[in-house]
Student: 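Just passing along the structure, written as structure tokens.
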Amino acid sequence: MEPMDIVGKSKEDASLPKATMTKIIKEMLPPDVRVARDAQDLLIECCVEFINLISSESNEVCGREEKRTIAPEHVLKALEVLGFGEYIEEVYAAYEQHKIETMQDSLKGGKWSNGAEMTEEEALAEQQRMFAEARARMNGGAAPPKQPDPDQTIES
């Protein structure tokens, strides 16, 4: 496949992060083995080509089923059609592990959670502070109105 065969993308647009790929390559080899820069570049190009091949075949499998979204089953079928059937079990296991990890992440609070839980009172105080800052910005930088001290009680 020529570099411009990827629907209007140049070779640089369809690549993988070199640092990440170099790390993966080094992790797969014994510590005493070195890999020449050209060999690393070739491995990265092979990975990109493999991804393009699997993506293209997955798209064809998807199209034959008259679907518009490539699903994991389409990728697994593409592996089989292209002669990579011996990898299906391992790929499926990695996919299942990914689903479990994704589910655990979403149970921990999703992308908005920073890992630190707030009490309802702390959340309310933070919300009030943020409202006051927003009001001050809206009023042209005027100081926010004085908030009552929650520790003081109002005497009637």
Side-chain angles (χ1 to χ4, degrees), residues 1-139 144:
M1 180 180 289
E2 291 300 313
M4 291 303 286
D5 285 351
I6 307 164
V7 192
K9 300 284 184 183
S10 70
K11 184 177 177 181
E12 292 78 29
D13 290 339
S15 188
L16 296 169
K18 262 190 176 178
T20 303
M21 293 302 297
T22 300
K23 182 179 176 199
I24 291 170
I25 292 166
K26 287 182 179 179
E27 286 176 358
M28 297 304 297
L29 299 172
D32 60 328
V33 174
R34 294 178 21 161
V35 181
R37 180 83 57 212
D38 322 7
Q40 288 179 11
D41 293 344
L42 181 59
L43 282 168
I44 292 169
E45 286 187 39
C46 288
C47 290
V48 169
E49 191 62 33
F50 181 74
I51 291 168
N52 289 334
L53 181 67
I54 298 297
S55 299
S56 178
E57 186 61 35
S58 298
N59 187 46
E60 289 181 25
V61 169
C62 180
R64 285 193 294 270
E65 293 181 8
E66 298 180 7
K67 303 283 184 180
R68 296 186 63 194
T69 303
I70 296 173
E73 304 81 55
H74 300 134
V75 176
L76 296 173
K77 181 67 177 172
L79 286 169
E80 182 181 323
V81 168
L82 293 169
F84 297 106
E86 66 270 15
Y87 297 105
I88 291 174
E89 191 174 316
E90 191 174 342
V91 168
Y92 187 76
Y95 168 63
E96 288 295 317
Q97 182 64 35
H98 170 74
K99 283 192 333 189
I100 291 168
E101 290 170 4
T102 303
M103 191 179 344
Q104 288 171 344
D105 288 347
S106 67
L107 292 176
K108 288 180 186 173
K111 68 179 183 180
W112 299 109
S113 176
N114 64 2
E117 296 294 321
M118 281 191 213
T119 65
E120 188 173 341
E121 293 80 21
E122 291 170 331
L124 183 59
E126 179 67 12
Q127 181 183 38
Q128 293 301 323
R129 184 191 65 74
M130 292 167 64
F131 282 150
E133 286 178 5
R135 250 184 252 109
R137 284 193 304 273
M138 293 295 290
N139 294 332

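Remember, it's a predicted structure, so these values are computed and weren't measured experimentally.
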Student: Heavy-atom distance under 4.5 Å between the side chains of T22 and K26, does that happen here?
Tutor: yes
Student: Among residues at least two apart in sequence or on other chains, which ones pass side-chain hydrogen bond (donor to acceptor under 3.5 Å, both in side chains) with E101?
Tutor: Q97
Student: With sequence neighbours left out, what residues match K23 under side chain to side chain contact (heavy atoms under 4.5 Å, CB included)?
Tutor: E27
Student: Using side-chain hydrogen bond (donor to acceptor under 3.5 Å, both in side chains) as the criterion, list what pairs up with N59, not counting sequence neighbours.
Tutor: none
Student: Heavy atoms, side chains only, cut-off 4.5 Å: are M103 and K99 in contact?
Tutor: no
Student: Applying side-chain hydrogen bond (donor to acceptor under 3.5 Å, both in side chains), can you list everything that pairs with S55, at least two apart in sequence or on another chain?
Tutor: none
Student: Rounded to the nearest 0.5 Å, what separates atom CD in E49 from atom CD1 in I54?
Tutor: 11.0 Å
Student: Between the side chains of E122 and R129, is the shortest nitrogen-to-carboxylate-oxygen separation below 4.0 Å, so that they form an ion pair?
Tutor: no
Student: Quick one: are K18 and I44 in side-chain contact, heavy atoms under 4.5 Å?
Tutor: yes
Student: Kindly check if the number of other-residue, nucleotide or ligand heavy atoms within 6.0 Å of CZ (R34) is above 12?
Tutor: no
Student: In residues 68-89, what donor-acceptor pairs under 3.5 Å come from side-chain atoms, sequence neighbours left out?
Tutor:
{"from": "H74", "atom 1": "ND1", "to": "A71", "atom 2": "N", "distance (Å)": "2.8"}
{"from": "H74", "atom 1": "NE2", "to": "E65", "atom 2": "OE1", "distance (Å)": "2.9"}

Student: Treating S56 as the side-chain partner and N52 as the backbone partner, does any N or O pair qualify as donor plus acceptor under 3.5 Å?
Tutor: no
Student: For K67, give me all partners under side-chain hydrogen bond (donor to acceptor under 3.5 Å, both in side chains), at least two apart in sequence or on another chain.
Tutor: none
Student: Give, for atom SG of C46 and atom CG of D41, the distance between the pair rounded to the nearest 0.5 Å.
Tutor: 11.0 Å
